[in-house]
There are 2 protein chains.
Amino acid sequence: MTDSAAAPATRQAILSAAAELFAARGQAGTTIKQIGRRAGVNPALIYYYFADKAALYDAVLAELVGRFPVQLAEAALATDSPRDALAAVVHRQARVFAEEPLLPRLIVRELADHDGSRATPLLGEHARRLLASLTVLIRRGQDDGSFRTDVEPHHAAISCLAQINWYCISGPLMLMLMGDKPEGPHTLEIDRFAEHVVKFTLAALEAR
Amino acid sequence: MTDSAAAPATRQAILSAAAELFAARGQAGTTIKQIGRRAGVNPALIYYYFADKAALYDAVLAELVGRFPVQLAEAALATDSPRDALAAVVHRQARVFAEEPLLPRLIVRELADHDGSRATPLLGEHARRLLASLTVLIRRGQDDGSFRTDVEPHHAAISCLAQINWYCISGPLMLMLMGDKPEGPHTLEIDRFAEHVVKFTLAALEAR
DNA sequence: GTCTATAGCGGGATAGAC
DNA sequence: GTCTATCCCGCTATAGAC
């Protein structure tokens with residue numbers, strides 16, 4: 001799209017290496033030379049493909065965020081049952097983070113860097129649509145009598161996403177601190193936790 | 001304690017300035033000169049009080065984390081009702097972040113920097129005790145029949161804390177994205193959300 | 001497209017006067 | 001305790017050969 005034609009392997013190698021390093025050490029903590037080394041590419045070559053470090057950073061974010069169309073969350077709205085739709089959104093979010101483990105860290109760094117207000121437009125738009133879908137979905141559940149009505153839909157949507165998002169950032173550490181899990185494959189753990197989130201959230205929302 | 005006697009005003013000014021900058025831009029993104037400037041202090045003087053940048057960073061974290069004894073969360077265990085105890089823990093956590101808004105960002109940066117596993121021992125210990133209290137408390141609620149038993153206490157504890165923690169990092173942005181709240185005083189918003197978290201979490205945990 | 005070489009700047013940290 | 005001056009290093013980015 002934005003990059004017409006096929007992205008050369010070199011460019012892709014740079015993007016991958018940069019994504020790993022930016023996620024692990026942040027933009028300021030990562031040097032061009034480190035990126036070049038990890039990508040197996042001459043550092044100067046990076047400036048052939050990207051204007052400067054900031055542009056490379058933007059490209060990394062665009063690549064990763066763009067890989068996961070939010071559209072699917074909106075599709076869930078077509079579902080008849082609000083319960084099923086909510087479950088679908090949660091599981092999808094878990095899948096996204098499981099498939100691209102660098103994303104949670106990059107997002108969290110973005111949140112810490114920009115004052116909350118002015119974040120990357122791309123990321124903001126993605127989040128906005130996801131939240132909007134969830135809110136609509138919860139409100140719909142309230143209207144049809146399946147969800148309790150004494151909960152603010154906006155707050156409930158945040159509660160729902162917060163669980164899965166926070167887990168992806170700190171979950172493994174937290175479970176370790178509690179002496180749980182000697183370590184399973186990360187991906188499975190996320191899906192298991194997503195299962196819990198669905199149950200927990202639906203229990204909180206269910207009308208009595 | 002660790003710093004015997006009274007900390008001179010200069011040292012404190014450096015710590016405060018450093019805390020703000022580290023929270024906003026991260027350790028790597030902050031320079032000694034910036035810290036000196038914001039503290040109204042000669043940059044070279046920083047090396048009189050701290051060995052190097054890393055030591056200053058550690059001191060910042062120790063100061064902020066140490067300001068909030070986790071002990072109070074454990075005290076909540078003495079309460080008779082698991083419901084009240086859970087509410088107390090959530091509100092306390094909200095108060096901590098409201099009183100020291102830099103803390104969430106610093107914590108999140110720590111989580112992003114260190115691989116989840118090896119985080120600052122001080123912070124890890126604090127989190128461990130908080131989680132342990134919550135877990136015990138939930139398990140107790142299950143034992144006395146007030147909480148449903150088909151929820152993993154560890155997972156529930158994470159769900160509970162995740163809501164308040166994630167809100168403090170991204171809540172204002174998320175609400176803005178949803179077109180909510182033209183901005184109230186941040187502190188009040190946190191307390192309001194904490195109220196929601198208590199209601200939401202108890203609804204999820206309550207036995208039918 | 002890829003490499004070498006290097007300019008130019010800004011960072012962390014120290015020496016030593018006051 | 002505080003300041004000035006400065007060293008040295010490593011980083012970003014460019015020039016230009018291939």
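Quantities reported herein were computed from a predicted structural model and do not represent experimental measurements. Throughout, a chain's letter reflects where its sequence line sits, starting with A, and its residues are numbered from 1.
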Exercise. Between Tyr167(A) and Phe193(A), what is the ring plane arrangement, given parallel below 30°, perpendicular above 60°, and tilted in between?
Worked result: parallel

Problem set entry | Nucleotide interval of DNA chain C bounded by contacts with chain A (heavy-atom cut-off, under 4.0 Å) | dG1(C) to dT4(C)

Exercise. Can you name the closest pair of heavy atoms from Ala19(A) and Leu64(A) and give their distance?
Worked result: CB-CD1, 4.3 Å

Exercise. Which pair of heavy atoms, one from Leu122(B) and one from Ala62(B), lies closest together, and at what distance?
Worked result: CD2-CA, 3.4 Å

For this session: Answer yes or no: are there more than 12 heavy-atom neighbours, outside Arg37(A) itself, under 6.0 Å from its atom CZ?
Result: no

Exercise. For His114(B) and Thr120(B), which heavy atoms make the closest approach, and how far apart are they?
Worked result: CD2-N, 4.2 Å

For this session: Could you identify which residues of residues 42-50 of chain B place a heavy atom less than 4.0 Å from some atom of DNA chain C, listed by residue number, or say none?
Result: Ala44(B), Tyr47(B)

Problem set entry | Between dC8(D) (P) and Asp52(B) (CG): distance, integer Å | 20 Å

Exercise. If every non-hydrogen atom of Ala203(B) is compared with every non-hydrogen atom of Ala204(A), which pair is closest and at what distance?
Worked result: CB-O, 3.6 Å

Exercise. What closest approach, in Å, do Arg38(B) and Arg25(B) show between heavy atoms, and which atom pair accounts for it?
Worked result: NH2-NH2, 4.4 Å

For this session: Assess the side chains of Gln93(B) and Asn165(B): does a donor N or O sit below 3.5 Å from an acceptor N or O?
Result: yes

Problem set entry | Residue closer to the 5' end of DNA chain C, Gly40(A) versus Lys33(B) (nearest nucleotide) | Gly40(A)

